Amino acid sequence: MIFPKIRVLRSHGRQAIPDLDAVELTPEFRGRPELSATADAAEGDAVERAAAICPTGALTAAPLALDLGRCLFCGECARIAPRNIRFTNDYRMGSPTREGLVVRPGDTCIAFNRAKVRPELARTFARTLQLREVSAGGDASIEMELNATGNVNFDFGRFGVGFTASPRHADGVVVTGPVTANMAEALEICYDAVAAPKILVACGSEACSGGLFADSRAVDRSFFDRHTPDLWLPGAPTHPMVFIDGIRTLLGKKTRR
């Protein structure tokens with residue numbers, strides 16, 4: 001009875017990714033964008049049209065800039081202004097500051113400013129990190145991607161990083177969703193229940209900026225007025241490798257090139 005099961009396992013091949021620091025995503029993946037300014041009137045008009053249709057106002061034409069904290073990665077701007085906007089497959093997009101998510105012409109990477117990282121984070125959580133994820137009005141897409149970080153492919157648990165059900169057992173909180181008014185108090189209670197020092201991660205465009213719902217009366221983002229995230233992760237939804245790279249860079253386990 002065991003031999004048919006062994007044949008099935010062998011047919012699946014090796015599913016686990018051996019080196020998470022050397023992952024190369026498919027070219028179809030929309031990751032870090034590259035912007036090119038131009039003096040051509042026609043191309044400048046294309047950028048303005050692209051900025052006009054951006055549903056979250058992530059793209060501005062003058063000056064040319066793209067805020068990944070608002071970006072939905074729909075790719076419409078690159079379709080309208082292909083000579084000015086191009087999405088690469090680079091997933092290394094996490095930043096310790098909200099301002100670090102703004103991409104401008106000439107940027108070839110998302111800089112990770114280690115001076116903005118609290119030194120006690122790497123000392124305290126270098127070996128193990130357990131996080132409590134709070135879906136504060138999200139649509140479950142990012143939650144599914146975060147679950148995938150622990151599957152057989154990514155196996156983030158090999159580095160001691162995982163998710164726990166209780167904030168009392170957690171070292172930090174990962175916030176997804178725009179933070180709706182009916183989740184604002186629950187999020188605050190959960191965050192207060194985590195012992196200090198603790199990590200706070202804003203995961204996804206909705207958590208970073210409110211996304212499509214930033215101006216909704218149903219959203220209450222006062223939580224971020226009181227608490228500043230240690231890590232901002234863009235995405236709609238956030239790919240598992242964006243999360244893994246961001247956490248490992250935050251804890252000093254890898255250096256952003």
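Source: prediction; values computed, not measured.
Proximity of a side-chain donor or acceptor of Tyr191 to a complementary backbone N or O of His227 within less than 3.5 Å is not detected. A donor-acceptor contact shorter than 3.5 Å links the side chain of Thr88 to the backbone of Arg32. No donor-acceptor distance shorter than 3.5 angstrom exists from the side chain of Arg92 to the backbone of Met241, with no hydrogens or angles considered. With Asp67 contributing its side chain and Val102 its backbone, the two residues share no donor-acceptor pair below 3.5 Å. Side-chain atoms of Thr26 never come within 3.5 Å of backbone atoms of Phe29 as a donor-acceptor pair (strictly under, hydrogens ignored). Between the side chain of Arg158 and the main chain of Phe154, a donor-acceptor pair closer than 3.5 Å is present. Side-chain atoms of Thr238 do not come within 3.5 Å of backbone N or O of Ile142 as any donor-acceptor pair. A donor-acceptor contact shorter than 3.5 Å links the side chain of Arg30 to the backbone of Phe73.
For Asp225 and Arg221, the salt-bridge test fails: no basic side-chain N is under 4.0 Å from an acidic carboxylate O.
Grouping the Ile, Leu, Val, Met, Phe, Trp and Tyr side chains by contacts below 4.5 angstrom, directly or via other members, places Ile110 with Val117. The cluster map of Ile, Leu, Val, Met, Phe, Trp and Tyr, joined by side-chain heavy atoms under 4.5 Å apart, puts Leu25 and Val242 in the same cluster. Follow the hydrophobic side-chain contacts under 4.5 Å out from Ile244 and you reach Phe163 in the same cluster. Put simply, Leu146 and Val152 are part of two different groups of oily side chains (I, L, V, M, F, W, Y) that touch within less than 4.5 Å, one to the next. Val134 and Ile247 end up in different hydrophobic clusters when Ile, Leu, Val, Met, Phe, Trp and Tyr side chains are linked at under 4.5 Å.
Among Leu121, Val194, Val174, Val173, the one residue that satisfies the side-chain contact (heavy atoms from CB on, under 4.5 Å) test with Ile199 is Leu121. For the pairing with Phe112, the side-chain contact (heavy atoms from CB on, under 4.5 Å) check across Asp245, Thr255, Thr249 returns one residue only, Thr249.
The environment of Arg168 atom CZ is sparse: at most 12 non-hydrogen atoms of other residues, nucleotides or ligands sit within 6.0 angstrom. No more than 12 heavy-atom neighbours from other residues, nucleotides or ligands sit within 6.0 angstrom of CZ on Arg127.
Inter-residue side-chain proximity for Leu59 and Ile85 is flagged as met; some heavy-atom pair is nearer than 4.5 Å. Counting only heavy atoms from C-beta outward, the side chains of Cys77 and Phe87 approach each other to under 4.5 Å. Looking at heavy atoms from C-beta onward, Leu251 lies out of side-chain contact with Phe159 at the 4.5 angstrom threshold. Residues Cys190 and Arg132 meet the side-chain proximity criterion, which asks for heavy atoms closer than 4.5 Å. Counting heavy atoms from C-beta outward, Phe223 and Met183 have side chains that stay 4.5 Å or more apart. Contact check for Ser209 versus Arg98: side-chain heavy atoms found under the 4.5 Å cut-off.
Distance check: Arg79 CZ to Glu76 CD gives 4.0 Å after rounding to the nearest 0.5 Å. The CD atom of Glu206 sits 7.0 Å away from atom OG of Ser141, with the distance rounded to the nearest 0.5 Å. Rounded to the nearest 0.5 Å, atoms CH2 (Trp232) and CD (Glu99) are 8.5 Å apart. Distance check: Lys116 NZ to Leu231 CG gives 15.0 Å after rounding to the nearest 0.5 Å. Taking NZ of Lys254 as the start and CG of Asp21 as the end, the distance is 4.5 Å to the nearest 0.5 Å. Atom CG of residue Leu64 and atom CG of residue Leu35 lie 4.5 Å apart, to the nearest 0.5 angstrom.
Residue Asp220 comes nearest to Ser222 through the heavy atom pair OD1-OG, 2.8 Å, listed as atom of the first residue, atom of the second, then distance. Across all non-hydrogen atoms, the minimal contact from Glu145 to His239 is OE1-CA, 4.0 Å. Minimum heavy-atom separation, Met93 to Leu68: SD-CD1, 4.1 Å. Across all non-hydrogen atoms, the minimal contact from Ala236 to Cys71 is CB-O, 4.5 Å. Heavy atoms only, all atoms of each residue included: Ala184 and Val179 are closest at CA-CG1, 4.2 Å. Of all heavy-atom pairs spanning Ala37 and Asn84, the tightest one is C-ND2, 4.3 Å.
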side-chain contact (heavy atoms from CB on, under 4.5 Å) evaluation trace for Asp155 with Ile17: CA-CA 8 Å; Asp155 188 21; Ile17 301 171; over 6 Å; no

Apply side chain to side chain donor-acceptor pair (under 3.5 Å) to residues Ser135 and Glu143 and explain how you reach the verdict. CA-CA 7 Å; Ser135 178; Glu143 292 81 349; 2.5 Å; yes

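Residue Ile80 shares its hydrophobic cluster (ILVMFWY side chains chained together at separations under 4.5 Å) with Ile53. Residue Val219 belongs to a hydrophobic cluster whose other members are Leu72, Leu212, Phe213, with links defined by side-chain heavy atoms closer than 4.5 Å.
Take Asp107 and apply the side chain to side chain contact (heavy atoms under 4.5 Å, CB included) test, not counting sequence neighbours, and it matches Val103, Arg104.
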